[in-house]
Colleague: 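Sending over a structure as structure tokens; questions will come in a sec.
Side chains are part of it too, since the values below use all heavy atoms of this structure and drop only hydrogens, waters and symmetry mates. Just so you know, these numbers come straight off a predicted model, no measurement behind them.
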Amino acid sequence: MKIGFAQINPTVGDLSGNFEKIVRAYEHLAAAGAELVLTPELAITGYPPQDLVFKSRFVPENLAVLERLHSRVGKAALLVGFVDRNEGRGKPFHNAAALLERGKPIRKAHKSLLPTYDVFDEDRYFEPAGHVEPFDLCGKKIGVTLCEDIWTEHYLPRPLYDVEPVRGLIEQGAEIIVNLSASPFSLHKPAVRREMVGSLARAYHRPICYCNAVGGNDQLIFDGNSIAVNAAGELIAQLASFREEEAIIDTGALSLGLCDYLRKCNFKSAVVGLSGGIDSAVVAVIAVDALGTENVVGVSMPSPYSSRGSIDDALALARNLGIQCLEISITNAFAAFKAQFAEIFKGLPENETEENMQPRLRAMTLMALSNKFGHLLLTTGNKSELAVGYCTMYGDMAGGLAVISDVPKMMVYELARWINSDYSVQSGRKGDPPSPGSGAAGIIPRSIIEKPPSAELKPNQKDQDTLPPYKILDEILRLYVEENLSARDIIAHGFDEKTVRWVQRRVDLNEYKREQAAPGLKVTSRAFGVGRRMPIAQKYVD
């Protein structure tokens, strides 16, 4: 999702001037492709409005500005801070955010946690929210919070509140947390905010977009420093300090990483091998999201061991995505290549030697298309395979960018299910449902998700013939690679010793393969490559 940050400098009480600032920033960001534009807390009135709210015309005029903003909203949604009336018991007003969409009623969120310490006196004016509820927007559930709502107890002067707005939003399915803030500057405050927002993202495994005000209002200075962090709590963007700025952040990390990699390396298009398996399917969806249908070419390359079902699944996926799909069989090339070794290999049984010929022939096919047409070749291997060496050098590892090389296999399945349930590919057909191919349920055919994973390099081959179940493998890998635990510590977590030792040894032995892999996009806390530097020639054994 593309979220625009309008880090503006509102003036307290300047309702018309703030309106103009908000509209100007909104129109710039919407034109640049934002799907949702965020403003700071109380952007319409400026923060803090203090006793201006008690003036008879102030709040009604701020509500009139809200209606004017609603009339100016186009394709992108706008989330704007304002003062709302409280129609029930308690204080007369709410510190509020309004979600404005063209042709739809205004939806509102009220601030839950009202600070009364230090420079704050919000409970003098505002009634806290009675409940929280995420908004459905662009196929996502957006959890809207206001400033203090995301400040956890560890970062407050003392325990102050009995409710946790973020937890409540997450429990109701919020996939992204956004925060409209007017957080005053003090020494070290920006670093504290980064740490706090990152820790909250890690705790709930959700990305957080935090839009802060900038400027001076009386004795308070607002420093901006708006930030976006991913679900691992890692900073993916930060806006300027002490000045207005606009920026668009794409919360689809893999899509953004792929798009920028191509753009900054001067590629215009990509080619991806479509095996009919789940890894290549997810990579193809990410590629179309990042580049558009016209810039992605899929290639099906059946061998004698490719099932008809896998070929049909690859073609169905391509139809659903609306991309060109070439079908280039490697059967004859495979037979010719084996024939070259007929005398040399005479009397020897077929083994991984013949199996590996197939991905290497596919790599040559894909690289020929890359060279001839200038496509970047995307590899489709996942983190689980790369970790234990379940991949072929100069074969399925060949390419210019390894899109999901830091995505474990079980997470690939999660991505596939999310794509089919909540996702609309940004291919110029945004918002339109996929045109289902044969057997499809959503963009990725159901059969791709449901069938047992297989490299299909020999008859009846299944990944689990060689590997532990992916659910077990991924957790062992997480503990060994990301948490740096020793084998004995992992065994103490309840895992089978033989399995742990096998996984550990495979990870250690295949360092040389990973050194020759294409660069990958980092999305977990510790990726192979830039995030993990291990010597190849070494003899340490845990």
Colleague: Do NZ/NE/NH1/NH2 and the carboxylate oxygens of Arg263 and Asp260 come within less than 4.0 Å?
Modeller: yes
Colleague: Hey, does the Lys NZ or Arg CZ of Lys409 hover above the aromatic six-ring of Tyr470, less than 6.0 Å from the centre and inside 45° of the axis?
Modeller: yes
Colleague: Could you tell me whether Lys458 atom NZ has more than 12 heavy atoms of other residues or ligands within 6.0 Å of it?
Modeller: no
Colleague: Kindly confirm or rule out a cation-pi arrangement of Lys338 over Phe341, judged by NZ or CZ under 6.0 Å from the six-membered ring centre and within 45° of its axis?
Modeller: no
Colleague: Measure from NZ or CZ of Arg360 to the centre of the six-membered ring of Tyr394 and say whether it is under 6.0 Å with the direction within 45° of the ring axis.
Modeller: no
Colleague: Could Lys383 and Asp474 be called an ion pair, given the rule that one side-chain N must be under 4.0 Å from one carboxylate O?
Modeller: no
Colleague: Between Arg478 and Glu483, does at least one N-O distance fall below 4.0 Å, as a salt bridge requires?
Modeller: yes
Colleague: Above 12 or not: heavy atoms from other molecules or residues under 6.0 Å from CG of Asn460?
Modeller: no
Colleague: Measuring from atom SG of Cys209 to atom CG of Asn179, what distance do you get when rounded to the nearest 0.5 angstrom?
Modeller: 10.0 Å
Colleague: Do the side chain of Asp289 and the main chain of Val285 share a donor and acceptor less than 3.5 angstrom apart?
Modeller: no
Colleague: So does Glu234 pair up with Lys522, basic N to acidic O under 4.0 Å?
Modeller: yes
Colleague: Do other residues, nucleotides or ligands put more than 12 heavy atoms under 6.0 Å from the CG atom of Asn371?
Modeller: yes
Colleague: So, applying side chain to side chain contact (heavy atoms under 4.5 Å, CB included) with Leu479, which one of Val503, Leu485, Val500 is it?
Modeller: Leu485
Colleague: Could you go through Tyr390 and Asn382, starting from their C-alpha distance and side-chain angles, then the distance that decides it, and tell me whether this counts as side-chain hydrogen bond (donor to acceptor under 3.5 Å, both in side chains)?
Modeller: CA-CA 10 Å; Tyr390 195 67; Asn382 60 66; over 6 Å; no
Colleague: State whether the number of non-hydrogen atoms from other residues, nucleotides or ligands found under 6.0 Å of Lys104 atom NZ is greater than 12.
Modeller: no
